[in-house]
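Let me begin by presenting the structure, written as structure tokens, before commenting on it.
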Amino acid sequence: MPTVVFSFLTPANIRSSEIAKSFFESVNTDLNGASLGKYGEVEPLSRDFANDLDGACKLWEQNLFWSETQRKGSGAVLHGTSRRHTNLSFYFDTPAPDGPAWIKFLTSVSHLLAVDYSSVHFFDKKSRTEEDEVLEGITSHDIQESLPTIAWAGCFGKPYVELIGKDDFESSGFVVVEPITESLIFCQLTSDPLDYIDNYETFRSRQDSVKSILGKDYFLGAPNATVPDFQFEHEVA
């Protein structure tokens with residue numbers, strides 16, 4: 001069964017229980033059919049969301065792991081440091097894509113977390129290339145080295161808007177480019193997430209074209225890739 005992966009990397013301190021509650025509300029309202037299961041600090045997860053959402057929101061202040069019961073998925077928030085983004089990831093299996101719902105979830109959570117980078121990647125069994133495989137679990141280290149490639153859809157935060165520029169994003173060949181805020185921009189590569197599975201050659205051609213227009217110096221494979229000057233808000237760990 002195909003899998004969808006959401007990745008969010010933020011330089012902000014997002015440890016508050018209010019942010020946690022807003023995130024879990026987005027899971028329940030934006031992702032049709034998603035069902036939060038158990039949570040905890042480590043495996044095996046032992047506490048139920050249904051009985052103790054407040055407990056999950058409190059534990060969010062530390063590192064938190066959770067499960068998705070209907071689609072055999074899981075997620076985690078791993079808080080950052082003065083040199084590393086907070087990494088929030090969430091994946092689950094799904095028999096069919098729901099592009100509009102995924103975009104709504106991606107953009108609302110990206111805004112909530114004030115991300116530097118976020119993406120949604122949809123694949124069947126495994127990603128087609130090593131570059132795409134990074135999108136299954138992209139980390140702060142990855143984007144501090146380079147962008148891996150272009151996901152089906154993603155958001156670029158202030159460091160990328162300042163480095164690359166809104167005009168270049170708008171003219172690079174994405175089918176959709178929409179500002180969420182002055183310092184956060186949403187970009188969609190193709191109209192349908194299934195393109196990665198059913199029309200891969202077309203999808204790959206669009207990926208390569210966008211990277212060429214934006215500038216390959218930003219991406220994995222470039223010697224001494226150009227990366228933003230990330231600024232982190234976390235306390236020193």
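When a residue number appears, it is its place in the shown sequence, counting from 1.
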Please identify each residue that fulfils ring-ring contact (aromatic ring centres under 6.0 Å, His included) with Tyr196, with sequence neighbours left out. His121, Tyr200, Phe203
Applying ring-ring contact (aromatic ring centres under 6.0 Å, His included), can you list everything that pairs with Phe24, at least two apart in sequence or on another chain? Phe49, Trp60, Trp66
Does the ring center of Phe6 lie less than 6.0 Å from the ring center of Phe105? yes
Keeping the roles fixed (side chain from Ser171, backbone from Asp167), state whether a donor-acceptor pair exists under 3.5 Å. yes
Can you list every side chain to side chain donor-acceptor pair (under 3.5 Å) pair that touches residues 142-161, not counting sequence neighbours? Thr139-Asp142, Ser140-Gln144, Thr149-Gln207, Thr149-Lys211, Trp152-Thr190
Got a donor-acceptor contact below 3.5 angstrom from the Asp116 side chain to the Ala12 backbone? no
Would you say Phe186 ends up clustered with Ile213 if hydrophobic residues are merged whenever their side chains have heavy atoms under 4.5 Å apart, either directly or through other cluster members? no
Which pair of non-hydrogen atoms, one from Pro97 and one from Asp192, has the smallest distance, and what is that distance? CG-OD1, 4.4 Å
Return yes when atom NZ of Lys21 has more than 12 non-hydrogen atoms of other residues, nucleotides or ligands closer than 6.0 Å, and no otherwise. no
Tell me whether Glu133 contacts the main-chain N or O of Ser127 through its side chain, where contact means a donor paired with an acceptor under 3.5 Å. no
Suppose clustering is done on Ile, Leu, Val, Met, Phe, Trp and Tyr with side-chain heavy atoms closer than 4.5 Å. Which residues sit in the same group as Leu78? Leu45, Phe65
Who pairs with Ile197 by side chain to side chain contact (heavy atoms under 4.5 Å, CB included), at least two apart in sequence or on another chain? Pro2, Phe122, Asp124, Leu194
So do the side chains of His85 and Ile143 get within less than 4.5 Å of each other, counting heavy atoms only? yes
So side chain to side chain donor-acceptor pair (under 3.5 Å) across residues 213-227, not counting sequence neighbours, yields none
